[in-house]
Amino acid sequence: MRSIIPVLTVVAAIMALWYAAAVPMNAPWAYDVAKRADIELTFTDLVAATWSQDKPKLPAPHQVGVELWETTVQKNITSKRSLVYHAWITLSATLLGFGMGTVLGIMLAVGIVYNRVMDMSVMPWVIASQTIPILALAPMIIVVLNAVGISGLLPKAVISMYLSFFPVVVGMVKGLRSPEVMQLDQMHTWNASASQTFWKLRLPASMPYLFTSLKVAMAASLVGAIVGELPTGAISGLGARLLAGSYYGQTIQIWSALVMAAALAAVMVALIGLIQRIVLKRMGMAT
Amino acid sequence: ADDVTLQLKWVTQAQFAGYYVALDKGFYEEEDLNVTIKPGGPDIAPVQVLLGGGADVMVDWLPSALAAREKGAPIVNIAQPFNKSGLMLTCLKEHNINAPEDFPGHTLGTWFFGNEIPLLSWMGKLGYETDGSEGGVTIQKINFNVDPLLQKQVECATTMTYNEYWQVIDAGLTPDDLVVFKYEDEGISTLEDGLYTTEENLADPEMTDKLVRFVRASMKGWKYAEENPDEAAEIVLENDQTGAQTEKHQKRMMGEIAKLTAGGDGTLDEAAFDRSAEITMEGGMITKAPEGAWTHDITDKALN
Amino acid sequence: MTDLKDGGLKDAGNPAVTGGAVISAKDLDLTFQTNDGPVHALKGVSLDIEKGDFVSFIGPSGCGKTTFLRCMADLEQPTGGSITVNGVSAAEARAARAYGYVFQAAGLYPWRTIGGNISLPLEIMGYSKTEQRARVARVLELVELAGFENKFPWQLSGGMQQRASIARALGFDADILLMDEPFGALDEIVRDHLNEQLLKLWARTEKTIAFVTHSIPEAVYLSTKIVVMSPRPGRITDVIDSPLPKDRPLDIRETPEFLEVAHRVREGLRAGHGDD
Amino acid sequence: MTDLKDGGLKDAGNPAVTGGAVISAKDLDLTFQTNDGPVHALKGVSLDIEKGDFVSFIGPSGCGKTTFLRCMADLEQPTGGSITVNGVSAAEARAARAYGYVFQAAGLYPWRTIGGNISLPLEIMGYSKTEQRARVARVLELVELAGFENKFPWQLSGGMQQRASIARALGFDADILLMDEPFGALDEIVRDHLNEQLLKLWARTEKTIAFVTHSIPEAVYLSTKIVVMSPRPGRITDVIDSPLPKDRPLDIRETPEFLEVAHRVREGLRAGHGDD
Amino acid sequence: MTAAVQTKRPAWMGWALVALAFAMAAALDLRLVPVLAIWVGGWVVNALIAQRSAARWGGYIIPVIFGVTLLLMWEVGERLFEISDVLLPAPSEIAARFWLSRDILWVDFVQTVIKGALSGFVMGCGAAFLLAVVIDRFPFLQLGLLPVGNFVAALPIVGMAPILVMWFGFDWQSKAAVVVVMVFFPMLVNTVQGLQSSDAMQRDLMRTYAAGYWQTLLKLRLPAAMPFIFNGLKIASTLALIGAIVAEFFGSPIKGMGFRISTSVGQLALDLVWAEIVVAATVGSAFYGGIALLERVVTFWHPSQRGRT
Ligand SMILES: Nc1ncnc2c1ncn2[C@@H]1O[C@H](COP(=O)(O)OP(=O)(O)OP(=O)(O)O)[C@@H](O)[C@H]1O
Ligand SMILES: Nc1ncnc2c1ncn2[C@@H]1O[C@H](COP(=O)(O)OP(=O)(O)OP(=O)(O)O)[C@@H](O)[C@H]1O
Ligand SMILES: Cc1ncc(C[n+]2csc(CCO)c2C)c(N)n1
Ligand SMILES: [Mg+2]
Ligand SMILES: [Mg+2]
């Protein structure tokens, strides 16, 4: 709560900067238009012109705001022109991919922690997999899945999964290894089985790491869903909006889709944060 | 009903009105077909979808189809609804480019994905280097929109008569501010939106039969669209799932598209094919004249 | 506490006890391989601990006390010699849950309450819920932490955490207790109190206890046998049998016998230090 | 060590010393606001420490010993009363680098070697490189860690780390030493040795020392004055002036005077415990 | 020690599982059998090595064998299942293309990695580091900037890239800008957290010395922050390369890895696409590995570096 004033200050500062930047960035076009119409621009004319272009290089905040308002509040949410509808499409792929990525990530992490061969062989390849540009792979993934008759939500979710399992693996390997030697020795003195050690020690000890990586994974998953929406053709979802906006030079539409995506990510991450706080509190680990 | 899946080369827009009209007006149904239309996008190569089994027919441009064929993809043109090219190069007048002689020293933006071929052939014909060296031009890869032209990052940009050109106009420029070079006029046009399928499909009589019916219904759709452009545009808008298209733009696009399909019945014009293949070869996209890359079988059966 | 002894696992490690020592180490060697050469943590260590013995280990830092205890607990594999616990190998004794171990640091799980921490080994060993509750209550009483059952470890002072960790090791019926400096973090008064309690528990239950400490008075006050160790390589330099009676009020510490034993231990220790 | 005293900053905090106590607390209050209500860590604490005094603080866990020391060091702001150090406010004294502080835990920086850790305050206070080297060598000698200069903290046992942290506080010329249970992790022999060394240093340099401990014999052996504290709220319950001479061999601990003082301290402590 | 906690399952259970897998594969498609056999073979070899050697070289050889196993499965599978080269080329074809196109790959590498990724990485991480130090000094900024920063960091790169290309032009500058945006916040957040990670006692110690702000920063907070800073650098290293490549999808001069990948897909030159992917993965892993190595040197004192090899 105490951060409200600083946040508002920073937001205000960013808005001011944004408005200011819009002027020089959109000015060349404004001058062009003026020249063609053969009029001289005063400074106020210029500012007014740069903040109200149809296809600005940098739209003014209020333009994005108006577009957001018109495409969310003023549209029926089942309409194809509603940003909420597209956000929902993207969100469903995001959540599915996030779920799959989390499960895959945890399974890999358990394998790596419990199996020496996996520990030594898998990790470098997991890292390498993340250095492959996903935008190059995404179409192939879509096509291959298409070929075996899978289309719609799942291919996008697979790409989400591809991006989101990585932070989970890294975090969970660290987390599952976070119990101290002494704590493991204690389990040993009680002759606890491997599964008892996992459920009663390694897993609870890894919780803080899990939640931190889940937050990163959620953001990555959203990016994955959007990337997955590009090569499936501009069908629907925020990615399609970005794409369509880009083909028709609709900067404002791009920006509003962007802001929507960021807001979506922020909400989901905040949700994970909330769950984290509840779980860690019940575990007595809240800070 | 028999299932047929069509893979488009681009997003849902009036460029593909014929197919959407056939779907919407029940022409496919009349042929006992159950057609699915898959929109395309920038990163999807329809050939891959076709070969991967994700589609039975695709819309593609001839140069990229020939290139794919040479790469080992056994695809064949079965019909050619577009008999004119809509490709052109649009320059801002302020850069003083009024004729091909003025190109040297300027930056020309084009889409890649095979769309650069006609431009490269053209430059080759004009005798200009394309690497930005003295006396040549600079070729710049641009995204699929006209921003680089408007932002003056390039001086000329590839546009389609039916789409990007009008985006330039919508941005506030007038035709007087522009100089356009139509590929059709420069004698370097290649065949655009045609229908392609695999050799494997053609070897299968059942499949051929489906394709015959598909082409017949599609051409019916095209003719309907030509005659009722506004209604066709409405149908396209209804099928656009992004909700990003505008009515004004699609109606105008349909008007332009009709000019490209006018006068054709879907049968491939061999002369046009040979010319396109030659230009593609000059551009270096293929190395030898293609063989068996087209067939009249389907159109012959469909139209009689 | 006596009734606890009737619980489940008491007999598990007992078969061979009648025959000899509860813990018997013969010529034990343990060498750690480190990057700057081997460290001889234990060398030629032999010791027999009889049933009901209270044995203290004392010696300078790094002399191998913890290592020796860990060998008994099968937490460390000796590189030479042999060790048996309850007549079987240390590993088998561990599998039979023959001992409770109190580590040098408290090591409570931060995500479990004090009660949850104490019931953890009970859960693992499969005690029933009601049995768990009963035992937790009893041992909390013993270490004077009743009422703190639902607090989390970090809500307690260092000394209280240490006591909770002792309670955890007492919760189940092991005949052997291995304790590594359990009272290090406590002030003198609390320490005296716990010393008394431990002696009482030991007298009542006839457990066998191995106890590491840095405090000479504590070692003398508690033990029937004091083992003095010396470092580099870690070895036993002296084993002192205490002449003190089994029943020991706190003020026994001012008797001449006590001071005499303490003096002997101090001399032994000093000798070990001189070795360096 | 005496020659160290000629170094740079000796006079910094001295102006008012002649007038009165080196450390003077008057009616000190310190209340921590926590989520389940205020904790009165110190309440109405008044104490004068004269130049050259060796004052020990003893009391049950949580009675405010550490808090009191932190107030002297300007690491904690009292919520009431006043405290002066060297006649000026604690903050000014800190700025003048009037004291060295040994924390309850060693707190060495893991990325510096032992030598690097000891020279850290010297770097900050602007000693020359050669001076730094000389001082590091001297204090390492003092705590018997010569030869470990280039080891990293985690390569040392707990006791050695503790000694390094003591050495760090001795490296520069502060007239006041504030030590919070510095010998907690050490075994009896080493502890005795360091007790002796500390007494010698104190006698030689006439430093003023405030020293927290849990051990009654240690408090009695070292101090000219023993302050017994009691918790909830933290306050001083007894101040005992030691009748022992300034020159104290180790075996003074077996004299009746010594035992008499120890007894008095124990009684005071016990009374504090009874309060709960 | 800890390894002993894991109970050993009898060996026959493992073999029974393998046999079952083979039976199932054979039932599905006979061609799956050799593919599976390669997998099992590679696994067994690795298991043997892992058991034999706690030694260092095991750590290098095992991932290599694992990778070779995957490649072999790919190659054999590709041939057996007769997958079209237009969909997925075989590793041998990719290798051949790699060799033939060395000069193209090199030009692309310079354009994308050196000019785009590296410069963006340095600028982004450098700026984030400096801002983190400033933020750390002014808690007001920290309270305000970090939540907003998290929001900005969530802006999907595929949306940002075209905008940045529009702003900064087609050449490497816009690629660097994309990289800067991508690496900025992970680095910022990690550094800020790192600068706060010194514990209370370590800071109190500095207070007792009446150390100044800069002394505390240099001698305490920065060293203590290093593990976190390296975490940030590691994340940034993989992001940098991806960012530069992705940005090229949205406009570029006619060279660069992203350019090549996108145009080659259009031309169905999938072997060249994969050759570029191989370059990207190799460079990315090497970059990551280099930073991990540096981390080991700089933060040798941190428990995570001391404990495990
Ligand atoms: N895991 C290990 N690797 C290498 N050396 C070790 C290890 N554990 C202990 N040592 C070394 O073995 C010797 C004995 O250590 P041990 O912990 O048994 O001492 P200790 O008597 O318990 O000391 P303290 O009183 O400090 O607890 C020491 O020199 C120590 O450095
Ligand atoms: N930062 C803090 N916030 C809240 N309460 C605190 C804080 N620091 C200390 N206390 C409380 O103040 C009281 C005195 O603590 P202090 O650390 O001074 O005790 P101590 O006498 O040094 O105990 P010990 O012997 O365990 O070191 C305790 O009850 C403690 O819980
Ligand atoms: C894979 C691929 N994507 C886009 C185009 C170019 N193109 C064809 S139609 C069209 C729409 C014009 O409004 C565009 C941009 C292509 N040839 N191949
Ligand atoms: Mg020990
Ligand atoms: Mg304290």
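Since the structure is predicted, the reported quantities are computational estimates derived from the model, not experimental observations.
For A/Trp18, the CH2 atom counts as densely surrounded, since its 6.0 Å shell holds more than 12 non-hydrogen atoms of other residues, nucleotides or ligands. Atom CG of B/Asn34 sits in a crowded spot, with more than 12 heavy atoms from other residues, nucleotides or ligands closer than 6.0 Å. Residue B/Lys248 places its NZ atom among 12 or fewer non-hydrogen atoms of other residues, nucleotides or ligands, all under 6.0 Å distant.
Interface with chain B: from residues 87-104 of chain A, no residue qualifies, criterion being any non-hydrogen pair under 4.5 Å. Of all residues in residues 59-67 of chain A, none places a non-hydrogen atom less than 4.5 angstrom from a non-hydrogen atom of chain B.
The contact between B/Leu150 and chain A is made by backbone and side chain atoms together, counting heavy-atom distances below 4.5 Å. With a 4.5 angstrom heavy-atom cutoff, B/Leu237 touches chain A via backbone and side-chain atoms both. Both the backbone and the side chain of B/Val49 come within contact range of chain A, each with at least one heavy atom under 4.5 Å from a heavy atom of that chain.
Applying the salt bridge (Lys or Arg N to Asp or Glu O under 4.0 Å) test to residues at least two apart or on different chains, the pairs with a partner in residues 66-76 of chain B are B/Arg69-B/Glu199.
Here the straight-line distance linking atom CG of A/Asp32 with atom NZ of B/Lys152 works out to 3.0 Å at 0.5 Å rounding. Remark: B/Asn145 CG to A/Gln250 CD distance equals 10.5 Å, nearest 0.5 Å. A distance of 10.5 Å separates NZ in A/Lys55 from CD in B/Gln151, rounded to the nearest 0.5 Å. Atom OG1 of A/Thr251 and atom CG of B/Asp147 lie 6.0 Å apart (nearest 0.5 Å).
Scored by the side chain to side chain donor-acceptor pair (under 3.5 Å) test, B/Lys38 finds A/Asn146 as partners (sequence neighbours excluded).
Across B/Leu173, B/Asp176, B/Thr246, the residue that shares the most heavy-atom pairs under 4.5 angstrom with chain A is B/Leu173.
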